[in-house]
Amino acid sequence: MPYLTLASEIRSVVAEYTKASILWIDTEIADYKSRNPRLSLIQVLDDPQDLSGDRIFVLDVLNYPDVVAEFIDKIMVNANIEKVFHNASFDVKFLANKKAKNITCTLEMAKKIPYYALPLPNYQLKTLAAELCHFKNIDKQEQGSDWGRRPLSEEQIEYAYLDCIYLAQVHQRLIELNQEIHSEPATENLTSLNARYAQLEQQWKLLDSEFANLQERIKKAMLAQNVTESSYFKLSCYERKTVKVPFTQLAKLVQTEDIDLDFPITLTQKLQKDLGENLEQLSVDIEQTTAWRLTPKNQESDENSDD
DNA sequence: CGCGCTCGTGAATTCACCTC
DNA sequence: GAGGTGAATTCACGAGCGCG
């Protein structure tokens, strides 16, 4: 895991990366608590199979803002290179932000996988690495360490490159899980899906109804007994306000003050009825959509076993 | 600590569908 | 057609989470 500190060698590595089609990237930030945090390290991996770390370059960019600019210009903004991060929005904030193209976030991928298929207490990278890829002895101690100091400790550099390995491995597993979960609709086996649904429905109804009942009782009990904290729950409240104005007043204001305010209003059935024939004077824009819905058939009559 | 999200909550609306 | 019902949708808001 080459640790590069010279601007010239970092530049040449960045130049090499422009040929890659996908890169796994992590960053370390110095002074994250302060008002102006700085980019300390950029760790890049270009081969997800690599577990040794040989293919990871740890780029020390703390004192090279112009090298960072080059990285942004050649890699981050380049739509031809897919960039994989965990919680991408955090790292990308320091790397081109909104201008970054072709970003993949493993945190978002993980969250999209339904809970039953990936039952985890949280979606931190270390949790995913441990549960999804069975990495042992994952250390996150260095995460909060001082990334602004130089030289960095052995442990810090070790930690920095390990994160990239976790990232690439987790990413691969998430892709696999995704394929299992979100299968091709055209080739799904409807019979087995229906069977599984029916099998779960009864259990689910029992659980769901008791669950809802418990929630309601606990809430009401805590309210009645003036308890804001119980062993499992916190009870909080908030003010909610909706600002309203008569439509005629708003319309008049916009007219008289010549305010630039125009947007489509949904004419609900009630409004259409209230307008009556006046509706014909308006140039309405009719949007047609199709809504599909699943309706369970009545299963209890087992007489209709027709095919 | 702080940013930038997403998510859960509960009320209000809307609408399809059913019955009378 | 009136009226009821349940599902879906919308909205304001705060809680909570991930990163270092």
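The sequence lines fix the lettering, A, B, ..., with proteins before strands; numbering per chain opens at 1.
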For this session: Select base, sugar-phosphate, or nothing to describe what A:Asp146 touches, counting heavy atoms under 4.0 Å on all strands.
Result: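 Nothing, no nucleic acid heavy atom in range.
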Exercise. Residues from residues 115-132 of chain A sitting under 4.0 Å of DNA chain C, heavy atoms only?
Worked result: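 By residue number: A:Asn122, A:Tyr123, A:Gln124, A:Leu125.
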For this session: Round to the nearest Å and state the distance from A:Asn36 atom CG to B:dG2 atom C1'.
Result: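 Going from CG in A:Asn36 over to C1' in B:dG2 covers 13 Å.
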Exercise. Without hydrogens or angle criteria, can the side chains of A:Gln43 and A:Asp26 be said to hold a donor-acceptor pair below 3.5 Å?
Worked result: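 Yes.
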Exercise. Any side-chain donor paired with an acceptor under 3.5 Å for A:Thr106 and A:His171?
Worked result: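 Their side chains do not contain a donor-acceptor pair, so the 3.5 Å distance test is not met.
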Exercise. CZ of A:Arg35 versus P of B:dG2: gap in Å, rounded?
Worked result: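 It works out to 8 Å between those atoms.
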Exercise. Across the strands shown, which category fits A:Lys111 at heavy-atom distances under 4.0 angstrom: base, sugar-phosphate, nothing?
Worked result: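 Answer is nothing: A:Lys111 stays at 4.0 Å or more from every strand.
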For this session: Among C:dG18, C:dG16, B:dC1, find the nucleotide with the atom closest to the side chain of A:Leu107.
Result: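 The answer is C:dG18.
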For this session: Determine whether A:Leu41 and A:Val61 make a side-chain contact, defined as any pair of heavy atoms from C-beta on separated by less than 4.5 Å.
Result: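 No; the side chains remain at least 4.5 Å from each other.
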Exercise. Should the heavy atoms of other residues, nucleotides or ligands under 6.0 Å from CD of A:Glu154 be counted, would the total exceed 12?
Worked result: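 At most 12 heavy atoms, drawn from other residues, nucleotides or ligands, come within 6.0 Å of this atom.
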For this session: Please report, rounded to the nearest Å, how far the P atom of B:dC1 is from the CD atom of A:Gln143.
Result: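 Taking CD of A:Gln143 and P of B:dC1, I get 17 Å after rounding.
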For this session: Using a cut-off of strictly less than 4.0 Å between a heavy atom of the residue and any atom of DNA chain C, enumerate the qualifying residues of residues 85-93 of chain A by number.
Result: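 Contacting residues: A:His86, A:Asn87, A:Phe90.
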For this session: Please report, rounded to the nearest Å, how far the C1' atom of B:dG8 is from the CZ atom of A:Phe211.
Result: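 One finds 12 Å between C1' of B:dG8 and CZ of A:Phe211, rounded.
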Exercise. So, the side chain of A:Lys83 versus the backbone of A:Met76: is there a donor-acceptor pair under 3.5 Å, distance only?
Worked result: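 Checked: pair present.
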Exercise. Is it true that the side chains of A:Arg150 and A:Ser40 contain a donor and an acceptor less than 3.5 Å apart?
Worked result: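 Yes - a donor-acceptor pair under 3.5 Å links their side chains.
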Exercise. Base, sugar-phosphate, or nothing: which does A:Thr27 touch, judged by heavy atoms less than 4.0 Å apart?
Worked result: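 Sugar-phosphate only.
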Problem set entry | Rounded distance in Å - CG (A:Leu41) to P (C:dC19) |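 A:Leu41 atom CG is separated from C:dC19 atom P by 17 Å.
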For this session: Measure from CD1 on A:Ile25 to P on C:dC19 and round the result to the nearest Å.
Result: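 Those two atoms, CD1 and P, are 17 Å apart.
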For this session: May I ask you to say whether A:Arg173 pairs ionically with A:Glu176, meaning some side-chain N is under 4.0 Å from a carboxylate O?
Result: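 Counted as a salt bridge, because a side-chain N and a carboxylate O are separated by less than 4.0 Å.
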Exercise. Can you name the closest pair of heavy atoms from A:Val68 and A:Phe94 and give their distance?
Worked result: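 That would be CG1-O, 4.5 Å.
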Problem set entry | Residues A:Lys126 and A:Asp139 bridged, charged N to O under 4.0 Å |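 Judged by the 4.0 Å cut-off on N to carboxylate O distance, A:Lys126 and A:Asp139 do not form a salt bridge.
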Problem set entry | A:Ile103 CD1 - C:dG18 P separation (whole Å) |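 One finds 21 Å between P of C:dG18 and CD1 of A:Ile103, rounded.
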Exercise. With a non-hydrogen cut-off below 4.0 angstrom, is A:Asp163 in contact with a base, only sugar-phosphate, or nothing?
Worked result: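 Contact class for A:Asp163: sugar-phosphate only.
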For this session: Mind calculating the distance between CD (A:Glu142) and C1' (C:dC19) to the nearest angstrom?
Result: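 Atom CD in A:Glu142 sits about 16 Å away from atom C1' in C:dC19.
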